[in-house]
Chemist: 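Just dropping this structure here.
In the text below, chain A, chain B and the rest are named by the order of the sequence lines, each starting its count at 1. Keep in mind the model is a prediction, meaning the values are calculated, not measured.
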Number of protein chains: 2
Amino acid sequence: MTDINSRSDAARAVHGVPAAADAPVKDALSVEDGIDFAIIELFFFAYRDFTSDPDEILGELDFGRAHHRVVHFVNRMPGLTVAELLDVLQITKQSLARVLKQLIDSGYIMQVQGPRDRRQRELYPSARGRELALRLAAPQSRRIREALRQTGPEHRAAIETFLRAMVNTELRPQIDRLPGNLSAEP
Amino acid sequence: MTDINSRSDAARAVHGVPAAADAPVKDALSVEDGIDFAIIELFFFAYRDFTSDPDEILGELDFGRAHHRVVHFVNRMPGLTVAELLDVLQITKQSLARVLKQLIDSGYIMQVQGPRDRRQRELYPSARGRELALRLAAPQSRRIREALRQTGPEHRAAIETFLRAMVNTELRPQIDRLPGNLSAEP
DNA sequence: AATTTATGTCAGTCATGTTGACTTAATTTA
DNA sequence: TAAATTAAGTCAACATGACTGACATAAATT
């Protein structure tokens with residue numbers, strides 16, 4: 001085991017660490033510091049467990065979270081183009097390419113040449129892809145249902161409003177365009 | 001560009017894809033399928049933007065999200081041991097080792113030999129580490145404050161209850177032990 | 001006819017997670 | 001006290017999913 005209090009010169013250069021070791025801070029950061037730690041941490045733990053349910057199913061199929069996201073949005077917005085999918089996921093096309101190829105090769109997602117613009121590829125789920133999307137969403141939906149039950153279902157609107165307000169303003173129109181959201185079609 | 005409707009034999013073997021191409025499913029998955037897509041998607045988008053704020057600060061320091069989590073919990077639970085930190089983060093010690101070493105080398109986190117059990121290493125932030133934790137938490141807290149304002153602050157309790165209920169039951173005691181949460185000290 | 005756009009692909013890199021094997025020092029147990 | 005267990009650290013190899021940059025093809029637009 002190396003010396004318990006040592007520091008490399010390289011780190012000192014990058015971070016400008018003073019040569020003299022300062023004292024360890026022993027008091028905990030707390031709400032008194034003006035930061036909403038309760039919700040910050042709840043959000044972290046909640047999201048971690050929220051994603052763990054589908055992860056198990058995905059593991060069996062040798063898929064990852066990236067596959068989940070693609071399957072999800074293709075099922076929610078069938079016929080969307082590759083460019084539109086990239087826009088929703090906010091990743092690069094090189095990043096999408098691998099998982100999309102795997103999903104197409106294994107028959108979960110199908111491509112159809114764009115009817116107006118034949119350069120485009122419209123993405124659709126196959127029956128198998130539809131089934132997978134439902135299977136992945138089911139445990140998440142169950143978790144939400146149970147959490148809402150514990151909270152009191154009358155608070156549903158407030159929770160939706162809060163989560164929507166947590167999203168960057170410029171992305172909210174995109175969310176509202178998803179099917180089955182109150183604000184969608186007339 | 002390769003044939004738009006082709007499928008490898010390998011994929012067919014693993015996933016048991018039928019030889020005949022089935023038809024693309026053209027209707028969108030929707031609330032009518034009995035799944036709470038609204039909250040599933042809001043949670044996804046909200047968490048993505050929630051983590052993007054600190055990501056920018058971390059990028060400047062050549063740190064990542066893993067560093068953020070370590071800095072956060074060491075500041076919230078100063079003096080916790082390596083084993084306790086692993087328990088909170090739910091990662092392996094080899095995974096933690098890299099980022100923890102970097103944080104110690106660059107003077108954000110300090111180790112103190114356990115007073116009772118000298119095998120243990122208690123982790124504390126330095127003044128610099130405390131400062132970083134606050135700097136990373138600030139934009140997240142601001143986002144939450146603004147979202148709560150839009151929702152109506154009277155719904156705060158419901159939102160906390162909901163998020164807490166989204167966490168796996170067995171982890172809730174751990175959350176409640178964090179400082180400044182109503183249910184903590186008397 | 002030239003340019004732009006939509007998609008796909010190759011190659012390399014990085015961050016962060018994993019498993020497995022092993023060491024050292026300290027504590028606990030038999 | 002000797003043996004076993006525990007806390008922490010380390011080495012090596014690997015997987016996933018992100019990134020950048022460069023380039024190819026076909027189709028649409030200018």
Chemist: Measure from the side chain of I91(B), starting at C-beta and using heavy atoms only, and say which of dC19(D), dT18(C), dT16(C) lies closest.
Modeler: dT18(C)
Chemist: Starting at atom CG of L123(A), determine the distance to atom P of dA6(C), rounded to an integer number of angstrom.
Modeler: 15 Å
Chemist: Assuming nearest nucleotide by heavy-atom distance, tell me which of A66(B) and R116(B) is located more 5' along DNA chain C.
Modeler: A66(B)
Chemist: Using the side-chain heavy atoms of H67(B), tell me which of these nucleotides is nearest: dT27(C), dT16(C), dT19(C).
Modeler: dT16(C)
Chemist: Can you identify which nucleotide, out of dT19(C), dG9(D), dC19(D), has its nearest atom closest to the T92(B) side chain?
Modeler: dT19(C)
Chemist: Nearest to the side chain of Q94(A) - dT20(D), dA26(C), dG8(C)?
Modeler: dT20(D)
Chemist: Please check if the side chain of R164(B) supplies one atom and the backbone of D176(B) the other of a donor-acceptor pair under 3.5 Å.
Modeler: no
Chemist: Roughly, in whole Å, what's the span from CD in Q113(A) to C1' in dA26(D)?
Modeler: 10 Å
Chemist: Using the side chain to side chain donor-acceptor pair (under 3.5 Å) definition, which of the options R143(B), R142(B), Q140(B) pairs with D53(B)?
Modeler: R143(B)
Chemist: Separation of Q120(B) atom CD from dA7(D) atom C1', in whole Å?
Modeler: 7 Å
Chemist: When you measure from the side chain of R119(B), which nucleotide among dT20(D), dA25(C), dT7(C) comes out closest?
Modeler: dA25(C)
Chemist: With a non-hydrogen cut-off below 4.0 angstrom, is H68(A) in contact with a base, only sugar-phosphate, or nothing?
Modeler: nothing
Chemist: Treating T161(A) as the side-chain partner and T151(B) as the backbone partner, does any N or O pair qualify as donor plus acceptor under 3.5 Å?
Modeler: no
Chemist: Starting at CG of L96(B) and ending at P of dT19(C), how long is that distance when rounded to a whole Å?
Modeler: 15 Å
Chemist: Checking all strands, does R98(A) fall into the base, sugar-phosphate, or nothing category for heavy-atom contacts under 4.0 angstrom?
Modeler: base
Chemist: If I take atom CD in residue Q102(B) and atom C1' in nucleotide dC14(C), what distance separates them, rounded to the nearest angstrom?
Modeler: 12 Å
Chemist: Please determine, for the side chain of A97(A), which listed nucleotide (dA8(D), dC11(D), dT9(C)) has the closest atom?
Modeler: dT9(C)
Chemist: I need the NZ-P distance between K101(B) and dG9(D), as an integer number of Å.
Modeler: 11 Å
Chemist: Can you tell me which nucleotide in dG17(C), dT10(D), dT7(C) comes closest to the side chain of R69(B)?
Modeler: dG17(C)
